[in-house]
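The sequence lines fix the lettering, A, B, ..., with proteins before strands; numbering per chain opens at 1.
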Amino acid sequence: MNELVLIFHDSVLINNIVLTAFIGALLIIVETPKFRDSFSAGLRLSAPLALIAYLGWIFTHRIPAVYNNFLPGIYFLNSLLGIHIIKKSGLLREKWIRNLPGSTLGLVYLVAFQLFIREQTGDQLADFFLILGSVLGFYLLFIIIAGIKEQLNLNESDRIYRSEYVILLAMAFLAAVISGFELG
Amino acid sequence: MENNFSPLKKVILPGLLILLAGTEGVYMALLFSASLIFIALAVRIIAVSSEKLFSEETGWIFLWGVGFSLANFLFIVLPGFFPQLSGHMNFYFLLIGVTPLVYTNCKTENRAVFIKDNVLFLTLMIFTATGRELLGAGTIGGYILISTEPLTIMTQPAGAFLMVALSGIMLETLAGYFNLFRPNKSACATKKNKGDEEHE
């Protein structure tokens with residue numbers, strides 16, 4: 001039991017999927033709304049992520065090995081389902097850069113997490129806690145970055161300090177802190 | 001939303017995942033950049049020829065499928081021809097096929113924008129990878145250049161975020177100083193709001 005709790009704790013903080021595997025970093029930078037709204041928006045992004053991750057886990061570890069080459073295709077189709085759910089909840093509906101659909105942001109995030117799960121899991125009970133912890137870690141970071149963005153927008157007059165680069169710097173320091181900040 | 005993005009951000013943000021994950025070393029950056037540009041070119045060609053075959057939403061799903069399939073194909077085929085590449089290819093290589101940067105210019109008629117964005121992306125990848133490898137391991141392309149104790153944090157995820165952010169800030173500052181991305185005159189004539197960002 002202690003080991004499972006440790007796995008859950010590690011996947012929320014020390015092995016946070018955004019800060020150590022970059023999964024969802026773009027989504028967090030682009031899609032974080034005001035702090036107050038980030039609690040529900042984060043939930044609307046995290047819940048489909050959890051669903052798709054568990055589905056992906058089932059396909060990864062339960063289909064016959066002869067179909068392993070089709071797994072990327074299965075992850076892609078899974079991700080389309082996840083995008084559909086996210087769009088139904090009201091997110092990722094707007095156009096982005098050069099009229100690219102906002103759902104492209106969701107696609108990379110969902111596919112990436114399923115590939116990550118394939119690399120990290122091994123058909124064990126602990127995988128349930130690893131996936132749950134990873135999704136919770138994403139949700140927490142989504143809220144934290146929404147708070148940072150709102151403070152920057154409110155308090156900073158200089159454009160450069162209100163830009164996405166400052167969010168990346170904040171993520172760099174957060175990643176350094178959770179990794180133990182080794183210089184050499 | 002797009003009006004607030006500088007030309008540099010229109011490359012950095014869509015290509016963020018590859019900029020973070022594919023810049024552990026210079027050779028890895030070159031491999032990832034070349035693959036992304038190849039897939040972007042292929043997707044663009046297919047987008048142009050298949051534009052009228054599908055509805056908008058179905059068309060995008062089709063293009064995503066094409067891009068992801070190409071990335072999978074390269075992931076399987078390249079190590080067979082170039083075994084030395086297999087050490088640089090991880091699961092992030094597959095994500096090139098679903099990286100937004102592959103699709104941002106697939107439907108634009110302006111070829112110059114497509115070329116410019118991909119050249120800028122290649123520059124960013126090399127710049128970021130060089131910084132990370134030099135500071136994090138003291139090498140470039142495996143050749144030792146700095147013999148002092150390296151900053152191993154630069155080869156870790158924190159270093160990736162840091163280097164991409166610093167690269168973006170430096171290049172934005174240089175671009176502004178040398179006025180590299182000149183504003184479009186016709187676009188400027190319609191912009192009257194204070195605080196509008198620079199645009200193409």
ask   = Which is it for Phe173(A) and Phe161(B) under the ring-ring contact (aromatic ring centres under 6.0 Å, His included) test, yes or no, and what are the steps along the way?
value = CA-CA 9 Å; Phe173(A) 292 125; Phe161(B) 283 112; over 10 Å; no
key: Contact class of Leu80(A) relative to chain B, heavy atoms under 4.5 angstrom   = side chain
note = Smallest heavy-atom separation, Pro157(B) atom then Thr20(A) atom, equals CG-O, 3.4 Å
ask   = Same cluster or not: are Ile74(A) and Tyr67(A) linked, directly or through other Ile, Leu, Val, Met, Phe, Trp or Tyr residues, by side-chain heavy atoms under 4.5 angstrom apart?
value = yes
key: Side chains of Val98(B) and Leu110(A) in contact at under 4.5 Å (non-hydrogen atoms)   = no
query = Do any of residues 63-78 of chain B have a heavy atom less than 4.5 Å from a heavy atom of chain A, and if so, which, in residue order?
reply = Trp64(B), Gly65(B), Phe68(B), Asn72(B)
task = Could you check Arg98(A) against Asp117(B) for side chain to side chain contact (heavy atoms under 4.5 Å, CB included), going step by step and ending with a plain yes or no?
result = CA-CA 12 Å; Arg98(A) 297 209 179 95; Asp117(B) 278 358; 2.5 Å; yes
ask   = Any residues in residues 14-22 of chain B near chain A, with a heavy-atom distance under 4.5 Å, and which are they?
value = Pro14(B), Leu16(B), Leu17(B), Leu20(B), Ala21(B)
Straight-line distance of Ile61(B) CD1 to Ser103(A) OG, nearest 0.5 Å = 8.0 Å
request  = Considering non-hydrogen atoms only, spot the tightest contact between Ala176(A) and Ala158(B) and give its length.
outcome  = N-CB, 3.6 Å
ask   = If you draw a 6.0 Å radius around CZ in Arg36(A), do more than 12 non-hydrogen atoms from other residues or ligands fall strictly inside?
value = no
ask   = If you take all heavy atoms of Gly168(B) and Tyr165(A), which pair is closest and at what distance?
value = CA-CE2, 3.6 Å
inquiry  = If you compare all heavy atoms of Phe91(B) against all heavy atoms of Ala112(A), which two are closest, and at what distance to 0.1 Å?
reply    = CE1-O, 4.0 Å
inquiry  = One pair to check against side chain to side chain contact (heavy atoms under 4.5 Å, CB included): Trp60(B) and Thr104(A). What are the steps and the verdict?
reply    = CA-CA 9 Å; Trp60(B) 281 115; Thr104(A) 317; 5.6 Å; no
note = Honestly, the part of Asn105(B) sitting under 4.5 Å from a heavy atom of chain A is side chain
ask   = When rounded to the nearest 0.5 angstrom, what distance separates CD1 in Ile12(B) from CG in Leu168(A)?
value = 8.0 Å
message = If hydrophobic clusters are built from ILVMFWY residues whose side chains come within less than 4.5 Å, do Val119(B) and Leu31(B) share one?
response = no
remark   = Ranking Ile29(A), Val111(A), Leu174(A), Ile167(A) by heavy-atom pairs under 4.5 Å to chain B gives rank one to Val111(A)
task = Mind checking the CD-NZ spacing from Glu164(A) to Lys9(B)? Nearest 0.5 Å is all I need.
result = 4.0 Å
note = Value for CD1 (Ile83(A)) from CD (Glu57(B)), rounded to nearest 0.5 Å, stands at 9.5 Å
query = Given that the side chain runs from C-beta out, which part of Ala21(A) has a heavy atom under 4.5 Å from chain B: side chain, backbone, both or neither?
reply = both
inquiry  = Take a 6.0 Å sphere around CZ of Phe38(B) and say whether it holds more than 12 heavy atoms from other residues, nucleotides or ligands.
reply    = no
query = Shared ILVMFWY cluster between Ile46(B) and Phe114(B), side chains joined below 4.5 angstrom?
reply = no
task = Could you state whether Leu122(B) and Ile115(B) fall into the same hydrophobic cluster, counting links through intermediate Ile, Leu, Val, Met, Phe, Trp or Tyr residues with side-chain heavy atoms under 4.5 angstrom apart?
result = no
query = Side chains of Pro100(B) and Leu100(A): does their closest heavy-atom pair fall under 4.5 Å?
reply = yes
ask   = Hey, quick one: are Phe121(B) and Leu41(B) part of the same hydrophobic cluster, counting side-chain heavy atoms closer than 4.5 Å, chains of contacts allowed?
value = no
